[in-house]
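Structure, as structure tokens:
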Amino acid sequence: MPELPEVETVRRTLTELAAGKTIASVDVRWPKMIKKPEAEPFRDALLGETIHSIDRRGKFLIFQLDHYALISHLRMEGKFSVNESSEAEAPHTHVIFSFTDGSELRYRDVRKFGTMHLTEKGMEHELSSLKALGPEPFDPRFTPDYLHARLQKTSRQVKTALLDQIIVTGLGNIYVDEVLFRARVHPHRVSSTITPEEAAQIHAYTISVLAEAVERGGSTIRTYVNSQGQKGTFQEVLNVYGRAGEACVECGAEIVKTKTAGRGTHICLQCQPIEHLI
DNA sequence: AGTCTAGCCTGGGAGC
DNA sequence: TGCTCCCAGGCTAGAC
């Protein structure tokens with residue numbers, strides 16, 4: 001599932017493949033994924049636009065064009081690739097941007113969860129979903145004190161709070177489990193009981209886990225590949241996610257799987273003590 | 001205002 | 001073999 005490291009890897013590979021190309025036509029096969037404007041004006045607006053650069057904000061990709069910004073969220077399964085128009089089309093291809101040089105940017109998404117928005121250039125951060133985002137984990141404004149203060153204000157379980165992109169952007173279900181394991185904090189701890197010392201650990205591991213995952217090109221758990229079709233390697237160093245029933249790398253206890261707000265959660269109960277639960 | 005839940009989607013695996 | 005059920009989970013809209 002694309003979280004910050006996967007989206008950043010897609011951004012980098014896609015920049016190499018698509019920057020400088022000009023859109024000649026757009027084919028939208030699944031109009032529902034175009035959230036703003038409607039699919040038809042979306043398509044018309046993009047004709048003749050050149051992709052100058054690709055930015056990332058949280059888990060959103062932002063294509064900077066001549067007059068517009070195209071905002072894309074991959075959600076769980078979305079993938080971009082650049083192909084020659086003669087190449088066979090992969091199943092579940094929902095949007096095709098054909099370039100003037102004969103190549104194509106293809107978006108495919110088995111689950112159809114991904115979204116695209118188009119805004120006037122420079123107005124992308126006014127989009128409600130981007131406007132609401134909290135600091136990037138690598139932003140100097142994301143400090144231990146900030147994180148502790150935000151956690152103090154909520155009664156939610158700490159894992160749920162960390163998945164809230166308003167507090168910090170970029171963590172998803174895989175990396176949040178890894179961060180909390182490394183910080184030795186149980187995911188179901190009430191956020192307001194997290195001490196300044198624990199917040200500092202969570203803060204430090206949020207940064208280091210995401211940075212290492214970016215270096216490794218993300219994690220390939222199910223189907224993730226970057227825009228050049230390559231898998232990430234961070235899954236090789238995951239300590240808890242997807243390791244239910246295996247021995248903890250720190251203490252040898254069995255990793256258990258439970259649920260947090262409907263999501264799978266992986267814990268070592270020995271390393272992540274269970275007091276202060278909701 | 002803060003928190004929670006249903007819904008969006010499909011493929012793959014388990015169970016019968 | 002073939003059917004049904006459940007799970008994967010980021011984000012939003014709407015309810016409480």
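Numbers restart at 1 for each chain; the letters A, B, ... are given by sequence-line order, proteins then strands.
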(Q) So, using side-chain hydrogen bond (donor to acceptor under 3.5 Å, both in side chains) as the criterion, who are the partners of A/Gln228 when residues are at least two apart? (A) none
Q | Qualifying salt bridge (Lys or Arg N to Asp or Glu O under 4.0 Å) pairs, either residue in residues 116-144 of chain A, two or more places apart | A | A/Arg56-A/Glu136, A/Arg57-A/Glu136, A/Glu126-A/Lys131, A/Asp139-A/Arg141
**Q.** Inter-axis angle, terminal five-pair segments of the helix from B/dG2-C/dC16 to B/dC16-C/dG2 [nearest 10°]
**A.** 50°
Q: Give a yes/no answer on whether the side chain of A/Lys112 brings an N or O atom under 4.0 Å of OP1 or OP2 in B/dT10.
A: yes
Q) To which residues is A/Met123 joined in a hydrophobic cluster, defined by side-chain heavy-atom contacts under 4.5 Å among Ile, Leu, Val, Met, Phe, Trp and Tyr, whether direct or through other members? A) none
Q) Can you tell me if A/Thr260 uses its side chain to pair, donor with acceptor, with the backbone of A/Thr265 under 3.5 Å? A) no
Q) A/Trp30 has a side chain; which of C/dG10, B/dT3, B/dC9 sits nearest to it? A) B/dC9
Q) Given atom CG of A/Asn173 and atom P of C/dG10, what is their separation to the nearest angstrom? A) 5 Å
Q: Using atom CG of A/Leu162 as one end and atom P of B/dT3 as the other, report the distance to the nearest whole Å.
A: 14 Å
Q.
Let's go through A/Gln152 and A/Ser191 carefully: what are the C-alpha distance in whole Å and the side-chain angles of both, what is the deciding distance for side chain to side chain contact (heavy atoms under 4.5 Å, CB included) to 0.1 Å, and is it a yes or a no?
A. CA-CA 6 Å; A/Gln152 283 296 105; A/Ser191 294; over 6 Å; no
Q: Measure up the A/His94 and A/Tyr107 rings against each other and bin them: parallel (under 30°), tilted (30 to 60°), perpendicular (over 60°).
A: tilted
(Q) Between A/Lys35 and B/dC8, is there a contact of a side-chain N or O with OP1 or OP2 at under 4.0 Å? (A) no
Q.
Any side-chain N or O of A/Thr154 below 4.0 angstrom from OP1/OP2 of B/dG2?
A. no
Q: Check every strand shown and say whether A/Gly264 touches a base, only sugar-phosphate, or nothing at a heavy-atom separation below 4.0 Å.
A: sugar-phosphate
Q.
Checking contacts here: which listed nucleotide (C/dA8, C/dG10, B/dT3) is nearest the side-chain heavy atoms of A/Arg156?
A. B/dT3
Q: Take the protein atom NE2 of A/His94 and the nucleotide atom P of B/dC8, then report the distance between them rounded to whole Å.
A: 16 Å
Q. Could you give the CE-to-C1' distance, from A/Met76 to C/dC7, as a whole number of Å?
A. 12 Å
Q.
Base contacts versus sugar-phosphate-only contacts with protein, heavy atoms under 4.0 Å: please encode nucleotides 11-16 of chain C as B, S and - from 5' to 3'.
A. BS----
Q. Does anything in residues 201-215 of chain A pair up under salt bridge (Lys or Arg N to Asp or Glu O under 4.0 Å), and if so which pairs, sequence neighbours excluded?
A. A/Glu212-A/Arg216
Q) Between atom CD1 in A/Ile166 and atom P in B/dA1, what is the gap in whole Å? A) 14 Å
Q | Rounded distance (Å) that lies between atom P of B/dC9 and atom NZ of A/Lys32 | A | 3 Å
(Q) Taking the ring centre of each residue, are A/Phe80 and A/Phe97 less than 6.0 Å apart? (A) no
**Q.** Atom pair distance, as rounded to whole Å: OH in A/Tyr241 and C1' in C/dC7
**A.** 11 Å
(Q) Show, in sequence, the C-alpha distance, side-chain angles and deciding distance for A/Tyr175 and A/Tyr241, and conclude whether the ring pair (Phe, Tyr, Trp, His ring centres under 6.0 Å) test is met. (A) CA-CA 8 Å; A/Tyr175 296 111; A/Tyr241 186 89; 8.8 Å; no
Q) Should we say atom CD of A/Glu40 is surrounded by more than 12 heavy atoms from elsewhere, each under 6.0 Å from it? A) no
Q) Separation of A/His266 atom NE2 from C/dC7 atom C1', in whole Å? A) 12 Å
Q. At under 4.0 Å, does any side-chain N or O of A/Lys259 touch on OP1 or OP2 of C/dC6?
A. no
